[in-house]
Amino acid sequence: MSGLLTKLQDNIMIADGAMGTLLYAHGVDRCFESYNLTHPDEILNVHQSYIDAGAEVIQTNTYGANYIKLNRFGLEDNVHQINTKAVQIAKSVAKENVYVLGTIGGIRGVQKLVTSKKEIIRSFKEQLFSLLLEGIDGIILETYYDFDEIKQVLEIARKETNLPIITNVSMHEPGVMENGIALPTALQTLDDIGANVVGVNCHLGPHYMIKALESVPLLQNAYLAAYPNASLPAYQNGKLVYNQHSNYFQQSAKAFRDQGVRLIGGCCGTTPEHIRALKDGVTGLTPITSKETKPILTKQNNGHSQRNNEDSLAEKAKKQHTVIVELDAPKHLDTDTFMDGVFSLEKAGVDAITLADNSLATPRISNLAMAVKMKQAGSKVTPLIHLTCRDRNLIGLQSHLMGLHTLDFREILAITGDPTRIGGFPGASSVFDVTSFELTRLIKQCNDGLSFSGSSLKTNTNFQVAAAFNPNVANLEKAVKRMKKKIENGADYFLTQPIFSHEKIIELHRLTKEIDKPIFIGIMPLTSHRNAEFLHHEVPGMKLSDEVRARMQQQTNRQDSLREGIEIAKELIDTTINYFHGVYIITPFMHYPSTVALTKYVHEKTHLVTKI
């Protein structure tokens, strides 16, 4: 058994605190890990300050020293050098009975699809081997929000080394991981895989971390660890500032020990003063050998949200031909034309009106506001509300979804959104905390009664999630593979970009006929030759056939152009309803008489047609 694990058998050990906090306080605002090569003395001084404060376990300055994170700074080719130097610095200052842990930080947060599992594994192995070659005393895996990620890398590390492995997960909410798994279950799983010490670090201060640990029993094999933040951060003069009340850590040290923790250190915001306080707080104390737990309920749902008896759009489209019409909210504050369009379309028999979320990055009246206005005006048609990743961070997205549920809106189209540079406010920022894949998954997590953070919503939402599909690509088979990935993340049905080719509709059917999710084929009536050329050449995701463009070019006046545009759309509808139940009609320039006519046409034709 290693010296570290032997000492933990009968002792509470103190680990170091934050590296980044001290470097940040000294004016470092870029890649902390690069300082191993450029300013080794500063890293050495930080280690020494923690040892002087009483730390018996120190971590290498390698939290983000992997290919993926170093790539942000153009340092991806320096992974081995940075990790090697980090261990050398730490070992040079570690005196007898001070243990050096090689630090490997988590990569994934909520944004699971940003980095693939294959990339994470490759990056992890490269960093792991660099650390092991330098003769560390153990490995610490810390700040892992994604439980699947830490399980995967722990399995790899356990196969590669017999050194002690410490695994620290991070929680958004006390006692629960972001996917809803309870902390005791998570730590027991890590124990089963082979971790020698399991625990929690980051995001939470002592109060909530201790509260979370109240639910964790003493484990049969692994010891418990805790690395709390100094406090919640405040934002002052453009910088994050943490509470410096180190005496609070002295008071908290005994509480951590009472929950069975044997390895106590600090995370964000902690300094040598916090570590000295922890040391003072456990002086004379020995580890506990038994404890009573207080279970934390991770799913305190009051039951499923009630659904009315109407079929969802996906359910309806599996049974019969179904029509969705897109009607854009106004760019101004006059809503009369929009509401006239709503009631005209409802009278024509549309099954839903889909409301874009500032399409083409152009500001319009909030689609949620227009959905509420439709309901208040007495419309019975279903609003299908677009939700983009562009305009809201994770906090805003979660709040917006809770609002949609509260207002009883159930149909959502989850899309990434057009970048702001193409719209009316090119200087505006784009958020993109998540992609449409991740947003779909998170919405379905709400259907399980769990917020993005994994905490209970106290009831289950029942959102139906539509996804966008662009068939106007060179490789349609590849696009269909992307469609299948969206289904894996929870997509219930699809709306396509407008299609102007009969052959494309038929090919799409051939490639998707085994997929059981409804597909609504986009149909957009053209208004003029100029409109056709603009869509074909300038709008992303739009491609018109040469035949369609030639037909529109032959029209000499507005009425003839509108008539020809509707005729082309009807012909495409004829093909669509032979192969698909879903028709998605896009209203051009708020000219809703065109989409009213096409909606009526669909209903007239579908009485006579059986889908292939």
Side-chain angles (χ1 to χ4, degrees), residues 110-113 178-180 304-308 310-319 322 324-326 351-359 367-368 371 381-392 394 396-417 431-452 457 459-470 479-497 512 515-522 580-582 584:
V110 175
Q111 300 167 292
K112 297 187 186 304
L113 297 179
E178 69 178 27
N179 63 349
H304 287 265
S305 176
Q306 295 297 314
R307 279 186 56 181
N308 56 37
E310 294 181 1
D311 286 340
S312 68
L313 291 175
E315 291 167 339
K316 187 176 291 186
K318 288 181 178 180
K319 300 175 183 178
T322 305
I324 295 173
V325 173
E326 180 174 307
D351 297 284
I353 291 178
T354 177
L355 306 171
D357 191 9
N358 299 326
S359 56
N367 57 5
L368 176 56
V381 71
T382 299
L384 169 53
I385 298 174
H386 296 205
L387 181 57
T388 72
C389 306
R390 177 196 58 230
D391 298 333
R392 301 173 185 87
L394 285 168
L397 288 169
Q398 177 74 76
S399 175
H400 194 63
L401 287 168
M402 293 167 73
L404 288 169
H405 171 83
T406 301
L407 292 169
D408 201 29
F409 295 120
R410 299 293 182 253
E411 302 282 348
I412 298 174
L413 173 64
I415 52 177
T416 299
V431 180
F432 297 128
D433 269 2
V434 290
T435 67
S436 58
F437 290 86
E438 298 159 291
L439 178 56
T440 299
R441 177 180 55 79
L442 291 170
I443 293 171
K444 286 308 182 83
Q445 184 168 306
C446 292
N447 284 0
D448 291 331
L450 300 173
S451 73
F452 294 176
L457 292 172
T459 191
N460 297 42
T461 63
N462 51 35
F463 292 121
Q464 288 284 299
V465 185
F469 177 75
N470 180 17
V480 171
K481 288 181 180 179
R482 182 177 173 87
M483 173 187 281
K484 292 177 180 178
K485 288 183 180 180
K486 289 189 176 183
I487 293 172
E488 290 173 4
N489 280 277
D492 296 297
Y493 58 107
F494 293 85
L495 275 61
T496 79
Q497 290 277 23
T512 62
I515 293 175
D516 66 349
K517 303 298 182 183
I519 300 172
F520 287 77
I521 301 299
F580 296 92
H581 272 165
Y584 166 42

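In this text, all values refer to a predicted model and were calculated from it rather than measured experimentally.
In this structure, Thr440 contributes its side chain and Asn489 its backbone to no donor-acceptor pair below 3.5 Å. For the pair Arg390 (side chain) and Val431 (backbone), a donor-acceptor distance under 3.5 Å is absent. His581 places a side-chain N or O within 3.5 Å of a backbone atom of Ala317 that can act as its donor or acceptor partner. With Asn367 contributing its side chain and Ile385 its backbone, the two residues share no donor-acceptor pair below 3.5 Å. The backbone N or O of Glu315 lies less than 3.5 Å from a partner atom in the side chain of Ser312, making a donor-acceptor pair. A donor-acceptor pair is defined here as one N or O able to donate and one able to accept, closer than 3.5 Å; no such pair exists between the side chain of Thr416 and the backbone of Cys389. Lys517 places no side-chain N or O within donor-acceptor distance of the main-chain N or O of Ala466, the cut-off being under 3.5 Å. Proximity of a side-chain donor or acceptor of Asp351 to a complementary backbone N or O of Leu313 within less than 3.5 Å is not detected. Between the Thr354 side chain and the Leu384 main chain, a donor and an acceptor come within less than 3.5 Å of each other.
Minimum heavy-atom separation, Ala414 to Ser436: O-CB, 3.8 Å. Nearest heavy atoms, His386 versus Ala356: ND1-CA, 3.3 Å. When all heavy atoms are compared, the tightest approach of Leu387 to Leu439 is O-CD2, 3.7 Å.
Rounding to the nearest 0.5 Å gives a distance of 12.5 Å between CD1 of Ile415 and OG1 of Thr435. For the atom pair CG (Asp516) and CD1 (Ile487), the distance works out to 7.0 Å, reported to the nearest 0.5 Å. Note that the CD1 atom of Ile521 and the OH atom of Tyr584 stand 12.0 Å from one another [nearest 0.5 Å]. With values rounded to the nearest 0.5 angstrom, Glu326 atom CD is found 11.0 Å from Ile353 atom CD1.
At least one side-chain heavy atom of Leu401 sits under 4.5 Å from a side-chain heavy atom of Phe452. Residues Asp357 and Arg392 are in side-chain contact: their nearest non-hydrogen atoms beyond the backbone lie under 4.5 Å apart. Taking 4.5 Å as the limit, every side-chain heavy atom of Leu457 sits out of range of all side-chain heavy atoms of His405. For the pair Cys446/Met402, no side-chain contact is recorded, criterion being any heavy-atom separation below 4.5 Å from C-beta on. Contact check for Phe469 versus Lys486: no side-chain heavy atoms found under the 4.5 Å cut-off.
No option in Asn447, Ile443, Leu442 other than Leu442 meets the side chain to side chain contact (heavy atoms under 4.5 Å, CB included) test with Gln445. Paired with Asn470 under the rule side chain to side chain contact (heavy atoms under 4.5 Å, CB included), one option of Arg482, Gln497, Met483 passes, and it is Gln497. Here the rule is salt bridge (Lys or Arg N to Asp or Glu O under 4.0 Å) with Asp492, and of Lys444, Lys318, Lys316 only Lys444 fits it.
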>> Is there a side-chain contact (heavy atoms from CB on, under 4.5 Å) between Glu411 and Tyr493? Walk through the geometry before answering.
In response: CA-CA 11 Å; Glu411 302 282 348; Tyr493 58 107; 2.6 Å; yes
>> For a side-chain contact (heavy atoms from CB on, under 4.5 Å) check, start with the C-alpha distance between Leu397 and Val434, then their side-chain angles and the critical distance, and finish with the verdict.
In response: CA-CA 10 Å; Leu397 288 169; Val434 290; 3.8 Å; yes
> Can you check side-chain contact (heavy atoms from CB on, under 4.5 Å) on Thr512 and Phe494, steps first, answer last?
Replying inline: CA-CA 11 Å; Thr512 62; Phe494 293 85; over 6 Å; no
